[in-house]
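Quick notes on the structure that follows.
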Amino acid sequence: MDQDDKQRELKAKIKKIFFSIMSIFILVIFVLYTVMTYDLQDIVAGLLVSHKVDDLQVAYKGYVITFSQEVYKDLRSLYFANLQQEFKACLSGKKDGNQYDITSLSVPWIFSQSIFQVVSSSCREGTLIDLHSHPYKHCIFSEQDISSYRNVRKTSPDIILGLMCEPDRFTFYRE
């Protein structure tokens, strides 16, 4: 066998190994996609759209939300106290352009709570972020969340909808 034949044979082997690895990779991706439950897909999607707090700040679509240390501590306390049910909080402070400085937190009257729902009175006028929680790592708003937000936004145009889904992870929505 001459040098050219050896090179062709080596290239053919490399090509065969490459296509075998790619086929296995595609098969694994396909199996993971079809086997993953809806719940797991929701968690992965939620991680892609949510944001972690970094130095008491969260950036969202050109907005910067800054929590005071006390408000962030209170939010974390509410989160841990309500791990088995959703909670709601109304966050207020000062808005300057796209900067939201959150300096106070209030909890509205809660009518009912469960792991998948919180029914409460509305946040008072002047609230900057209407926030509630979802179960751990479930960081996507429901259709009901968005619908309720649209009704609130009619009277409070600067309000942002907030969702807390981990002690340090939030999702926000603003139209």
Side-chain angles (χ1 to χ4, degrees), residues 36-175:
M36 281 174 50
T37 64
Y38 175 77
D39 196 43
L40 188 55
Q41 290 176 12
D42 186 39
I43 289 171
V44 171
L47 290 174
L48 295 174
V49 299
S50 62
H51 310 276
K52 279 197 155 223
V53 173
D54 183 24
D55 198 24
L56 299 176
Q57 288 190 334
V58 179
Y60 160 73
K61 288 187 177 180
Y63 295 94
V64 177
I65 299 156
T66 305
F67 299 103
S68 72
Q69 202 161 14
E70 184 178 334
V71 167
Y72 186 57
K73 180 182 162 212
D74 290 346
L75 270 175
R76 289 176 57 89
S77 293
L78 266 173
Y79 180 83
F80 287 118
N82 290 280
L83 288 174
Q84 300 303 317
Q85 58 198 9
E86 289 189 11
F87 71 86
K88 180 168 178 163
C90 305
L91 307 178
S92 302
K94 187 179 93 180
K95 179 187 179 297
D96 184 16
N98 288 348
Q99 176 69 41
Y100 284 69
D101 293 317
I102 305 304
T103 56
S104 68
L105 175 152
S106 62
V107 177
W109 184 260
I110 305 290
F111 300 112
S112 68
Q113 289 175 282
S114 73
I115 193 160
F116 297 114
Q117 176 181 352
V118 60
V119 179
S120 69
S121 62
S122 299
C123 291
R124 60 191 152 124
E125 193 174 325
T127 297
L128 293 176
I129 299 178
D130 184 333
L131 182 129
H132 68 285
S133 66
H134 273 190
Y136 184 65
K137 292 197 182 285
H138 287 76
C139 305
I140 295 191
F141 290 107
S142 68
E143 288 181 37
Q144 179 62 44
D145 294 336
I146 301 299
S147 176
S148 297
Y149 166 75
R150 287 184 175 138
N151 288 332
V152 170
R153 185 128 195 277
K154 291 175 186 174
T155 57
S156 300
D158 288 331
I159 200 163
I160 291 178
L161 182 61
L163 177 64
M164 188 172 186
C165 52
E166 291 181 32
D168 61 349
R169 184 174 291 278
F170 295 82
T171 302
F172 295 100
Y173 180 80
R174 185 168 195 269
E175 291 182 332

Sequence neighbours excluded - salt bridge (Lys or Arg N to Asp or Glu O under 4.0 Å) pairs with any residue from residues 142-152: Arg150-Glu175

Polar side-chain atom of Thr171 near backbone of Leu163 as donor-acceptor pair, under 3.5 Å: no

For the student: nearest non-hydrogen atoms of Thr103 and Gly93, plus distance: OG1-CA, 3.4 Å

Non-hydrogen atoms of Tyr100 and Arg174 that approach each other most closely: OH-NE, 3.5 Å

Ring geometry between Phe111 and Trp109 (parallel below 30°, tilted from 30 to 60°, perpendicular above 60°): perpendicular

Pair up each side-chain donor or acceptor in residues 71-84 with any protein partner under 3.5 Å, not counting sequence neighbours, and list the distances.
| from | atom 1 | to | atom 2 | distance (Å) |
| --- | --- | --- | --- | --- |
| Tyr72 | OH | Pro167 | O | 3.3 |
| Arg76 | NH1 | Pro167 | O | 3.4 |
| Ser77 | OG | Lys73 | O | 3.1 |
| Tyr79 | OH | Cys165 | O | 3.4 |
| Asn82 | OD1 | Gln85 | NE2 | 3.1 |
| Asn82 | OD1 | Gln113 | NE2 | 3.3 |
| Asn82 | ND2 | Leu78 | O | 2.8 |

Ser133-Glu86 side chain donor-acceptor pair, cut-off 3.5 Å: no

Ring geometry between Phe172 and Phe170 (parallel below 30°, tilted from 30 to 60°, perpendicular above 60°): parallel

Any Tyr136 side-chain heavy atom under 4.5 Å of Glu166 side chain: yes

Heavy-atom donor-acceptor pair, Ser156 side chain to Arg153 backbone, under 3.5 Å: no

Ile65 and Val53, any side-chain heavy atoms less than 4.5 Å apart: no

Test item: Lys95 side-chain N/O and Gly97 main-chain N/O as donor-acceptor pair under 3.5 Å: yes

Within 6.0 Å of CD in Gln99, more than 12 heavy atoms from elsewhere: yes

Heavy atoms of other groups near Asn151 CG, more than 12 under 6.0 Å: yes

Ile146 CD1 to Tyr173 OH distance, which is reported to the nearest 0.5 Å: 5.0 Å

Minimum side-chain heavy-atom gap Phe87-Leu131 below 4.5 Å: yes

